[in-house]
Peer 1: 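What follows is a structure written as structure tokens; I'll ask about it next.
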Amino acid sequence: MIGKVGLGRYAKGLLNYCYYDKQLTAKQISELGPQDVRGELVYIQNLALQKLPDGRFDINNLSKQFLDNSSKNRRLAKFIWHQSFSFPPGENPGNDKITQIAIEFAKDFGFEDNQMAVFLHTDKANRHFHIAANRINYNGKNTADHFNNYARVGKFCRKMEQELGFQITPEMHLTAEDKQNPRQTTDQALLKLKRAIDGILPNVSTMQQLSTELQKQGVKTFIKRGVTFINTKNGMKVKGSDIGREYSLANLEKRLGEIHVLEKSKSAELSLTRQRKRGLSI
């Protein structure tokens, strides 16, 4: 899951983008119809919805509510927080999971009592959704500090991936300290995990034994239809197949079997060699 943040002062432009994905003039908006709607409104809080005669949501009315509330704090120019979250291809969480993420986001980033609207976009390979939120609450207080938001969003993504069982997304960093070079940091973590697995495999014969040895190195192993590894220090969660094909559950079990057969073969060969030597010495 990848998260991006933007701040602005034009609620109407953002809401039109989320709903229609277009920068629209008043004339263009008047010519739109239901077929032009791109975004599905998944969740709202502290906002009232009105519909147009053709069934579309009235974006003008929504933006007016944002603007009216902003008048309670004129000092905050960029009162609109635009948050987006996208998922890797093939990961398609339903509206219930997206709503859960949005509610958790509101709790973690100071929007619990603020206006917020969530729009889902499904027209690209990467399913993603947008959150349009008001940083000003109903008392006129700015409750959403944007300081260090890249690192905070990265940590939030890691938390949601772990709680909801999503796959790790390499493009986001693992911790605040890694924000200068997130991709390199994640690649290093995956390489370290690969080396740990490769180093343990020759010394074990079952997945349970592999799990036990990885646990000693701070990595939990979960096995269901596939295998997932979780770093207990930073919460990084990755499926075996996402590390590489040879680290899928089926291929790890195959590699364990091959190693076991090879060790048996070596043992038998060594025993035969010893027997031959004893025979020659008689």
Peer 1: Looking at Y247, does the NZ or CZ of R255 lie under 6.0 angstrom from its six-membered ring centre and within 45 degrees of the ring axis?
Peer 2: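 Because its charged atom sits under 6.0 Å from the ring centre and within 45° of the axis, R255 does stack over Y247.
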Peer 1: With a 4.5 Å heavy-atom cut-off, do F222 and K239 have their side chains touching?
Peer 2: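 Contact flag for F222/K239 side chains = no.
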Peer 1: Do the ring planes of F57 and Y19 sit parallel (below 30°), tilted (30 to 60°) or perpendicular (above 60°)?
Peer 2: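 Ring orientation of F57 relative to Y19: tilted.
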Peer 1: For N137, does its backbone N or O pair with a side-chain atom of D113 as donor and acceptor, under 3.5 Å?
Peer 2: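 Checked: no pair found.
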Peer 1: If we ignore hydrogens and angles and just use 3.5 Å, is the side chain of T143 paired with the main-chain N or O of G110 as donor and acceptor?
Peer 2: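 Between the backbone of G110 and the side chain of T143 there is a qualifying donor-acceptor contact (under 3.5 Å).
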Peer 1: Under 4.5 Å between side-chain heavy atoms, counting indirect links through other Ile/Leu/Val/Met/Phe/Trp/Tyr residues: same cluster for Y138 and W81 or not?
Peer 2: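 Result: no, two separate clusters.
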Peer 1: Quick check for you: to the nearest 0.5 Å, what is the distance between Q115 atom CD and N134 atom CG?
Peer 2: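 It is 5.0 Å, given to the nearest 0.5 Å.
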Peer 1: Can a donor-acceptor pair be found, under 3.5 Å and without considering hydrogens, that links the side chain of R56 to the backbone of L32?
Peer 2: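 Side chain of R56 to backbone of L32, a donor-acceptor pair under 3.5 Å: yes, one is there.
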Peer 1: Strictly under 6.0 Å, is that where the ring centroids of F156 and F85 end up?
Peer 2: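 When the ring centroids of F156 and F85 are compared, they turn out to be within the sub-6.0 Å range.
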Peer 1: In this structure, are over 12 heavy atoms from other groups packed under 6.0 Å from K159 atom NZ?
Peer 2: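 Enclosed.
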Peer 1: Please tell me whether N16 and Y10 have a donor and an acceptor in their side chains that are separated by less than 3.5 angstrom.
Peer 2: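 Distance-only check fails for N16 and Y10.
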Peer 1: Rounded to the nearest 0.5 Å, what's the gap from CD on E213 to CG on N203? Could you check?
Peer 2: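 Here the interatomic distance stands at 8.0 Å.
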Peer 1: Step by step, work out the salt bridge (charged side-chain N to carboxylate O under 4.0 Å, His left out) result for D198 and K194.
Peer 2: CA-CA 6 Å; D198 290 340; K194 280 185 179 183; over 6 Å; no
Peer 1: State whether the side chain of Q83 and the backbone N or O of G6 hold a donor-acceptor pair below 3.5 Å, judged by distance alone.
Peer 2: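 Not a single qualifying donor-acceptor pair exists.
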Peer 1: Return the set of residues passing ring pair (Phe, Tyr, Trp, His ring centres under 6.0 Å) with H121 (not counting sequence neighbours), or none when no residue passes.
Peer 2: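 H128, H130.
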Peer 1: Checking the side chain of E161 only, and the main-chain atoms of M1 only, is there a donor and an acceptor separated by less than 3.5 Å?
Peer 2: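 Pair found, side chain donor or acceptor close to backbone of M1.
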Peer 1: Do the ring centers of F111 and F105 come within less than 6.0 Å of each other?
Peer 2: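 That pair passes the under 6.0 Å test.
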